[in-house]
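Single-structure report; data block below.
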Amino acid sequence: MKQNDDRKTIFACFPHADDEISCVGTMANHITRGDRVVLCFATHGEMTSLMGDVPVEKIVSAREDHAQKVAKIIDCEIMFLDFEDTEVEITRKNAKKLAGVISEIKPDAIITWNSFHRHPDHRSMAQLLIDAVPMARIPRIVSPLGAHREDLTIFQYYDERALLPSIYVDVSDSIDKIKEVTNCYAETYGWVGAVENVVARRRSMGMDSDVQYAERFSILRRRHWARKFIV
Ligand SMILES: [Zn+2]
């Protein structure tokens, strides 16, 4: 475990369990380094048809089981919020709800979806977190929790339409955990070839960045730091 001063906190926040697959390697890297990772699902993904025609309670409990399995594989913390699946809307109220979670966790970085994905919950979550970060800085909004005024960068899943700088994360050491998490969902949902596809995508990003396997994120920074030299 790292000393308190160095220990970073990552808040990975998504609408649905299985959305986190694209950042499992990054989360695992941070946990291995001794950082705290809180993986948050805003809904219980209760509208899915992947499990067939089963009662909502059964889906909710299956989603919670999956989340616990992921937590065990990479050793992260798990939390669920009470948003409704397919109803994650960009409202001031929802942004304030997330601001409350941010001020409770006090993360150094957020990982989430981008604003281009076809699922409206994914796009809404990207925007809600953009809105929540400045709200978490306002004491009156997040009272009695203390405001979170530290520099907080949002890392969105990379999309080629994003006009933002991006980074590659070397996840070569975490590839087995990525496979294990993907397989956990693939077995339940009957995803054919999911593990191979996930590995192939990491390999492709690894080839772009000169490592074996990589994950890629767009970066939304509040502040930019000037440097004196460029090389
Ligand atoms: Zn999703």
Side-chain angles (χ1 to χ4, degrees), residues 10-28 37-54 56-71 73-74 76-91 94-95 97-98 101-102 107 109-132 154-162 177-195 197-198 201-202 205 215-218 220:
I10 312 293
F11 179 47
C13 185
F14 302 98
H16 321 109
D18 80 17
D19 289 341
E20 79 283 13
I21 289 175
S22 296
C23 68
V24 166
T26 303
M27 292 192 292
V37 173
V38 181
L39 174 56
C40 173
F41 300 112
T43 81
H44 277 83
E46 64 274 12
M47 296 299 277
T48 187
S49 49
L50 288 170
M51 291 178 218
D53 189 18
V54 296
V56 166
E57 306 80 63
K58 214 171 161 193
I59 296 173
V60 167
S61 108
R63 294 290 205 184
E64 286 177 353
D65 279 356
H66 275 142
Q68 289 311 328
K69 279 185 193 158
V70 174
I73 294 166
I74 64 170
C76 68
E77 295 171 40
I78 293 284
M79 71 188 295
F80 278 91
L81 303 178
D82 60 356
F83 286 76
E84 285 176 44
D85 192 7
T86 72
E87 301 286 340
V88 178
E89 290 185 309
I90 304 167
T91 64
N94 284 341
K97 194 190 279 187
L98 286 167
V101 178
I102 290 169
I110 293 175
I111 306 176
T112 191
W113 278 108
N114 56 60
S115 311
F116 299 94
H117 197 266
R118 62 185 178 275
H119 195 307
D121 281 358
H122 297 172
R123 297 196 303 273
S124 298
M125 184 53 66
Q127 187 58 52
L128 281 172
L129 286 164
I130 289 170
D131 294 346
I154 299 178
F155 295 83
Q156 293 186 339
Y157 284 162
Y158 175 75
D159 185 285
E160 59 194 7
R161 290 162 285 187
K177 288 174 184 165
I178 296 170
K179 287 183 195 171
E180 209 179 330
V181 168
T182 308
N183 195 47
C184 155
Y185 290 109
E187 279 182 348
T188 310
Y189 301 148
W191 292 343
V192 179
V195 174
N197 291 344
V198 162
R201 277 201 292 274
R202 305 286 169 298
M205 290 186 268
E215 289 172 350
R216 189 177 185 183
F217 304 93
S218 297
L220 281 87

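Note that the numbering runs from 1 along the sequence shown for the chain. Start at 1 and go down the list; that is how both ligands and their atoms are numbered. Both backbone and side-chain heavy atoms feed into the values below; hydrogens, waters and symmetry mates do not.
- If you look at H122 and ask which of its N, O or S atoms sits nearest the Zn ion (ligand 1), the answer is NE2.
- The backbone N or O of E46 sits nowhere less than 3.5 Å from a side-chain atom of H44 that would complete a donor-acceptor pair.
- Atom ND1 is the N/O/S atom of H16 found closest to the Zn ion (ligand 1).
- Between the SG atom of C23 and the CD atom of Q156 there is a distance of 12.5 Å, given to the nearest 0.5 Å.
- Relative ring orientation between W191 and Y189 is described as tilted, the plane-to-plane angle lying within the 30° to 60° band.
- Here D19 reaches the Zn ion (ligand 1): one of its N/O/S atoms is less than 2.8 Å from the metal.
- With 2.8 Å as the limit, H119 does not count as an N, O or S neighbour of the Zn ion (ligand 1).
- Taking the six-membered ring where tryptophan is involved, the planes of Y157 and W113 are perpendicular, since the angle between them exceeds 60° and thus also 30°.
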